[in-house]
Protein chains: 2
Amino acid sequence: MAKEKPDLVYGTLDMLILKALQHEPRHGLAIADRIQQISKDILHVEQGSLYPALYRLEAQGWITAAWGVSDNNRKARYYKLTSAGRKQLAAEQEHWSRITKGIDLVLAEG
Amino acid sequence: MAKEKPDLVYGTLDMLILKALQHEPRHGLAIADRIQQISKDILHVEQGSLYPALYRLEAQGWITAAWGVSDNNRKARYYKLTSAGRKQLAAEQEHWSRITKGIDLVLAEG
DNA sequence: CCTGCAAGCCTAGACAGTCTTGGTAAAGGA
DNA sequence: TCCTTTACCAAGACTGTCTAGGCTTGCAGG
């Protein structure tokens with residue numbers, strides 16, 4: 001389980017969270033779990049990164065939060081994508097694909 | 001020329017610089033210019049990011065520096081990749097492709 | 001010759017996002 | 001009753017980028 005490098009690319013967490021909420025509302029830890037699972041354990045979201053990100057997104061109006069009860073019968077805060085959040089997600093994906101294209105050009109060495 | 005988002009992905013600059021030095025030594029501004037050109041103007045490296053990054057890389061032993069004279073007949077500091085730098089570049093590319101694979105998995109939404 | 005501009009290097013401080021480390025509360029099983 | 005797990009939360013350190021400045025020097029224009 002050696003980890004020499006970060007589990008995340010700085011600046012992508014917001015996008016990943018929005019994406020994880022695309023189909024259905026989830027609570028905090030479930031979002032982190034989902035990102036980890038879908039990425040086949042490549043990505044890992046620390047709680048200390050997760051919650052600040054959620055507040056950020058909520059403050060921007062991209063997600064809304066409501067208390068509910070988790071599958072394990074614990075109280076949990078469920079986050080839901082707003083329509084502004086969907087727009088934001090689209091914009092971030094666009095930006096991501098643009099920048100990675102630039103990086104790949106350099107790495108392919110023209 | 002609207003720029004709402006960063007010109008760089010946080011944490012990739014070191015890799016890009018190493019890559020730009022892969023074939024031949026270059027001086028600072030030439031490195032930034034090359035990254036910008038090869039990426040077709042998608043990426044842009046600010047000087048305030050560039051020089052700190054160069055010192056970092058030099059301190060790690062991944063590049064070495066020597067004063068020389070540029071094409072424009074100005075004194076300039078030429079940076080050269082060391083063999084440790086080549087290893088580092090390979091490692092960073094490996095890490096980059098791994099993480100982007102993870103992100104792409106999430107974005108493709110499994 | 002003098003002036004101005006561009007090339008090239010450099011630094012300090014602000015800032016943003018992540019990570020580390022700590023904590024709380026409550027459900028459920030032993 | 002106690003322990004573990006789930007779930008949320010906060011403070012501070014840290015790292016890397018950006019903003020905004022500044023310095024020197026070669027060369028072109030007048």
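Here the structure is a predicted model, which means the values were calculated and not measured. Proteins come first, then strands; the chains are lettered A, B, ... in the order of their sequence lines, and each starts at number 1. Below, all heavy atoms of this structure are taken into account, side chains as well, without hydrogens, waters or symmetry copies.
- With respect to A:Ile17, the side-chain contact (heavy atoms from CB on, under 4.5 Å) criterion is satisfied by exactly one of A:Leu89, A:Leu54, A:Val45: A:Leu54.
- Spacing between atom CE of A:Met15 and atom P of C:dG17 amounts to 14 Å, rounded to whole angstrom units.
- Residue pairs meeting the ring-ring contact (aromatic ring centres under 6.0 Å, His included) criterion with at least one member in residues 7-43 of chain B, sequence neighbours excluded: A:Tyr10-B:Tyr10, B:His27-B:Tyr78.
- The distance between atom CG of A:Leu8 and atom P of D:dG16, rounded to the nearest whole Å, is 15 Å.
- Separating the CD1 atom of A:Ile31 from the C1' atom of D:dA7 is a distance of 12 Å, rounded to the nearest angstrom.
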Scoring nucleotides 1-9 of chain C by protein non-hydrogen atoms under 4.0 Å (B base, S sugar-phosphate only, - none) yields -----BBBB

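- Scored by the side chain to side chain donor-acceptor pair (under 3.5 Å) test, B:Arg26 finds B:Glu24 as partners (sequence neighbours excluded).
- A:Ile17 has its CD1 atom 12 Å from the C1' atom of C:dG17, to the nearest Å.
- Residue A:Ser49 places no side-chain N or O under 4.0 Å from the OP1 or OP2 atom of C:dG17.
- A search for side chain to side chain donor-acceptor pair (under 3.5 Å) contacts involving B:Glu94 returns nothing, not counting sequence neighbours.
- Within the 4.0 angstrom heavy-atom criterion, only backbone atoms of the sugar-phosphate kind lie near B:Gly11; the bases stay farther away.
- Atom CG of A:Leu43 is separated from atom C1' of C:dT18 by 14 Å (rounded to the nearest Å).
- Here D:dC14 presents its P atom at 15 Å from OH of A:Tyr10, a figure rounded to the nearest Å.
- Every residue meeting the side chain to side chain donor-acceptor pair (under 3.5 Å) condition with A:Asp41, not counting sequence neighbours, appears here in chain and number order: A:Gln36.
- For residues 46-70 of chain A, every residue pair satisfying the side chain to side chain donor-acceptor pair (under 3.5 Å) rule, not counting sequence neighbours, is listed here: A:Asp14-A:Arg56, A:His44-A:Glu46.
- Counting to the nearest Å, the P atom of D:dC9 and the CD atom of A:Glu46 are 17 Å from each other.
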